[in-house]
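Shown next, in structure tokens, is the structure this report addresses.
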Number of protein chains: 2
Amino acid sequence: MAEITIKYLAEKLKMAPSTVSRALNDSYEISQPTKDKVLKLARELNYQPNPYARSLREHKSKTIAVIIPERINNFFSQVIDGIEDVTQQHGFHLLMYNTHEDIQLERKIISYLLNGRVDAIVMSVSSQTSEIDHLETVFSKGLPIIFFDRICPQIPTTQYITNDYESGFKATEHLITRGCSKILFLLLSKEISIGVERLRGYRDALKAHKIVFEDSWIVQCCHEEQDNVEKISMLLQSPQRADGILASVEKLAIATYRAVNKQKLSMPKDIKLVSFSNMKIADLLCPSLTTISQPAYEIGKECAIQLMKKLSRKTQPDLESVTKTFPSIINIRESSGG
Amino acid sequence: MAEITIKYLAEKLKMAPSTVSRALNDSYEISQPTKDKVLKLARELNYQPNPYARSLREHKSKTIAVIIPERINNFFSQVIDGIEDVTQQHGFHLLMYNTHEDIQLERKIISYLLNGRVDAIVMSVSSQTSEIDHLETVFSKGLPIIFFDRICPQIPTTQYITNDYESGFKATEHLITRGCSKILFLLLSKEISIGVERLRGYRDALKAHKIVFEDSWIVQCCHEEQDNVEKISMLLQSPQRADGILASVEKLAIATYRAVNKQKLSMPKDIKLVSFSNMKIADLLCPSLTTISQPAYEIGKECAIQLMKKLSRKTQPDLESVTKTFPSIINIRESSGG
DNA sequence: CTGAAAGCGCTTACAG
DNA sequence: CTGAAAGCGCTTACAG
């Protein structure tokens, strides 16, 4: 790969490299004829600047890291599409990392990003993230970071969530109006921010409807589908089983379907289900799934817009320390009784 | 962000930068005591080498570009998980690009990668990709490139596919044994490689079973769900409508479900469906979907393994010009009559 | 075993 | 308007 460099162009054109560089960057200091000559040759030879030389010199990389806890997930895919659509227009590149919900991996990934590899980070923390010193390091180093969905309220930066408390409340209320009185809340173990808010909404809805809450209704699940199916199956075969389930995450709704089938129960007759989910085919499931869906693409776009705004300014003002809320939508379908 | 550099460490330690660099890289030329001192301080100050300085110097970036035509797609997500799991172990980073099935965007993305930004490319081409000069440029520049699924046979490099001909044949045969005699083949417009192979298998299966093929059975769809639903609906309301559908891509199966519902037809009674799809919840659809699923994660892993093998060698032998085939699995469910 | 020097490909302050 | 020089943070061939 014999690369075309500025030096090479300069030789061919019998100019100084500095002149070529300035012409390429359309500097006001360079005459039009010179610019024309340089551009012409650059195009002919398909000159592409070496991004790393530029990054080293400029101390910026024009790349952004996106860190998510799970890749096979419509919500995150949609968020990333939103991010990419914006950053691409600004000539930014996206470095992508999946933590697999593993805090150790998350720390390691963060450590790779600490020396100029990226100009900013957009991130949804893993469900294991309770200690946050690695995230504090990012912030204290001055590396811009934005959180979405699974946020980190302790870090004073811009964060995007949806109205999780309200959605949890409404979803629970919906189940209650459909006749449920024993409602299980499924969540991932130790899940932060979103789980907490959704849970609060759920509990307050129960309280508002004078349903006496039992501790056993909060069910900590894991990331292994088979384990979750078995756990939920067990719960469903108990004599005083629940009549409603609120799944705080899509994968737990899937596990519920499997458990219901396994126990040969009928949904929504025996058990009703609502889940947070951005699945596009929720309406094609058997029975169709009542979902609370988040405006994922818009969230991604907004993250990127804020970042682009910050990074494009000469004097980069700090990202505002604020948590912005997008509205989720509840789509009532058969799984909850329609 | 005041960065810790080698120069800074060298000053603190009263050594030369070259010594520090060598100690950090565990060079045999450096004494153990010196290494210990350097490593100690580096750890204390949490030194992270500047990746771009190193890339510029070494002419390698330790990053790989992954280019896919669509992000909200289980198949691609699984492939990428496979790629990442391997590359991460080798300290490589992943730059990710979604072409949205747009050849112009694909060309643009490729052009960004031509000057050392990445050490290699893993790619699935867009369905619009008929001209391939941009891919030829990549190859001729000596930038390693591997294709998967939607491959580019004209480029002499390693390519990964599944047994698409065979799967198309078997899927068609399956529909025939379930009583279908008018089988529609849905494909994305001008789709390359995979579409072609699957289509060949389909046609040969018809021929083998002495079914006289009609041109109108090959239906070119697009990327707009609504348009596809309408097109398929139209076809389904014709008096001599098909009794079987083979969807070469998951999104066309989804559109078929919607069209069937819209026309108030019943699947599998009125119409039977088989689709290529890596959807994990195909069994939960109404009716459950008969799928041909590809070993996506394994394909991703294999792409990455080949690349790592190549890139880790001092003398990098060319990627073998060979097309390797992974076996897909047919999962028979209700949509095709069980 | 350690150090001084050159250079990767850029950009920009400084001269002229 | 153009050029020579320095420097971004590394690594390595060359000395000693």
Side-chain angles (χ1 to χ4, degrees), chain A residues 1-39 41-42 45-63 91 112-119 314, chain B residues 1-39 41-42 45-63 91 112-119 314:
Chain A
M1 269 203 285
E3 301 295 355
I4 314 291
T5 67
I6 282 187
K7 202 172 145 196
Y8 180 82
L9 294 180
E11 270 171 30
K12 287 280 165 203
L13 292 161
K14 298 197 198 308
M15 293 178 189
S18 45
T19 305
V20 175
S21 171
R22 278 188 274 244
L24 253 13
N25 291 319
D26 200 24
S27 161
Y28 68 97
E29 299 174 285
I30 302 294
S31 72
Q32 199 54 51
T34 304
K35 280 184 187 172
D36 291 344
K37 264 184 273 179
V38 172
L39 266 306
L41 186 64
L45 299 181
N46 194 23
Y47 167 75
Q48 295 288 341
N50 180 310
Y52 298 134
R54 185 176 278 174
S55 293
L56 177 59
R57 176 60 220 237
E58 305 257 88
H59 286 287
K60 48 190 184 186
S61 61
K62 282 250 178 184
T63 106
Y112 296 146
L113 306 177
L114 253 24
N115 218 322
R117 190 182 293 273
V118 296
D119 296 339
K314 277 281 168 221
Chain B
M1 269 203 285
E3 300 296 355
I4 314 292
T5 65
I6 282 186
K7 201 172 145 195
Y8 180 83
L9 293 180
E11 271 170 30
K12 287 279 165 203
L13 291 162
K14 297 198 198 311
M15 294 176 188
S18 45
T19 306
V20 174
S21 170
R22 278 188 274 243
L24 253 12
N25 291 319
D26 200 24
S27 160
Y28 68 95
E29 298 174 287
I30 302 295
S31 73
Q32 199 53 52
T34 304
K35 280 183 188 173
D36 291 344
K37 264 185 270 178
V38 172
L39 266 307
L41 186 65
L45 299 181
N46 194 24
Y47 167 75
Q48 295 288 339
N50 181 310
Y52 298 134
R54 186 176 278 175
S55 294
L56 177 58
R57 176 59 222 238
E58 305 258 87
H59 287 286
K60 48 188 185 185
S61 62
K62 280 251 179 183
T63 104
Y112 296 147
L113 305 177
L114 253 23
N115 218 322
R117 190 182 294 275
V118 296
D119 296 339
K314 277 282 168 223

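Chain letters run A, B, ... following the sequence lines, proteins first, then strands; residues in each count from 1.
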- How close or far is atom C1' of C:dC1 from atom CE of B:M15, stated in whole angstroms? 11 Å

- To the nearest Å, give me how far apart CD (B:E11) and P (C:dG3) are. 14 Å

- Please determine, by modelled atom types, if A:S31 and A:T34 share a side-chain donor-acceptor pair under 3.5 angstrom. yes

- Query: Would a 4.5 Å heavy-atom cut-off, applied to side chains only, mark A:L41 and A:K12 as touching?
  - Reply: yes

- Message: What is the separation between atom CG on B:L13 and atom P on C:dT2, rounded to the nearest whole Å?
- Response: 12 Å

- Tell me what B:S21 touches on the nucleic acid: a base, only sugar-phosphate, or nothing, going by heavy atoms under 4.0 Å. base

- With rounding to the nearest 0.5 Å, note down the distance linking OG in A:S27 to NZ in A:K35. 6.5 Å

- Query: Given atom CG of A:N115 and atom C1' of D:dC8, what is their separation to the nearest angstrom?
  - Reply: 12 Å

- Item | Separation of atom CZ in A:R117 from atom C1' in D:dG9, rounded to whole Å | 14 Å

- Message: In this structure, how many angstroms lie between the P atom of C:dA6 and the CD1 atom of B:I6, rounded?
- Response: 19 Å

- If you write DNA chain D from 5' to 3' in dot-bracket form, with Watson-Crick or G-U pairs under 3.5 Å, [ ] for crossing pairs and | for pairs with another strand, what do you get? |||.||||||||.|||

- Nearest to the side chain of B:N50 - C:dC10, D:dA4, D:dG9? D:dG9

- Query: Nearest heavy-atom pair of A:R22 and A:I30: which atoms, and what distance?
  - Reply: CB-CG1, 3.6 Å

- Query: Closest approach of A:Y47 and A:L24, non-hydrogen atoms and distance?
  - Reply: CE2-CD2, 3.6 Å

- Atom NZ of A:K60 and atom P of D:dG9 are separated, to the nearest Å, by 15 Å

- Distance test, side-chain N/O of A:Y8 to OP1/OP2 of C:dC8, below 4.0 Å: no

- Message: Counting only side-chain nitrogens and oxygens, does A:T19 get under 4.0 Å of the OP1 or OP2 atom of D:dG3?
- Response: yes

- Would a 4.5 Å heavy-atom cut-off, applied to side chains only, mark B:N50 and B:E3 as touching? no

- Minimal heavy-atom distance between B:A10 and B:A16, with the atoms involved, is CB-C, 3.9 Å

- For B:N115 and A:P51, which heavy atoms make the closest approach, and how far apart are they? O-CD, 3.2 Å

- Out of C:dC10, C:dT12, D:dT12, minimum distance to the side chain of A:P49 belongs to C:dC10

- Tightest non-hydrogen contact, residues B:V20 and B:L13, listed as CG2-CD1, 4.4 Å

- Message: Assess whether a salt bridge exists between B:D119 and B:K62, defined as any Lys/Arg side-chain N lying under 4.0 Å from an Asp/Glu carboxylate O.
- Response: no

- Item | Within residues 26-37 of chain A: residues closer than 4.0 Å to DNA chain C (heavy atoms) | none

- Query: Choosing from C:dC14, D:dC10, C:dG3, which nucleotide comes nearest the side chain of A:R22?
  - Reply: C:dC14

- Choose from D:dG9, D:dG3, C:dC10 the nucleotide whose nearest atom is closest to any side-chain atom of B:A53. D:dG9

- Query: Nearest of C:dC10, C:dC8, C:dA4 to any side-chain atom of B:L56?
  - Reply: C:dC8

- Query: Considering heavy-atom distances to DNA chain C, does B:E58 or B:V20 have its closest nucleotide positioned more toward the 5' end?
  - Reply: B:V20

- Checking all strands, does B:S18 fall into the base, sugar-phosphate, or nothing category for heavy-atom contacts under 4.0 angstrom? base

- Message: Can you measure A:K7 atom NZ to D:dA5 atom P for me and round it to whole angstrom units?
- Response: 14 Å

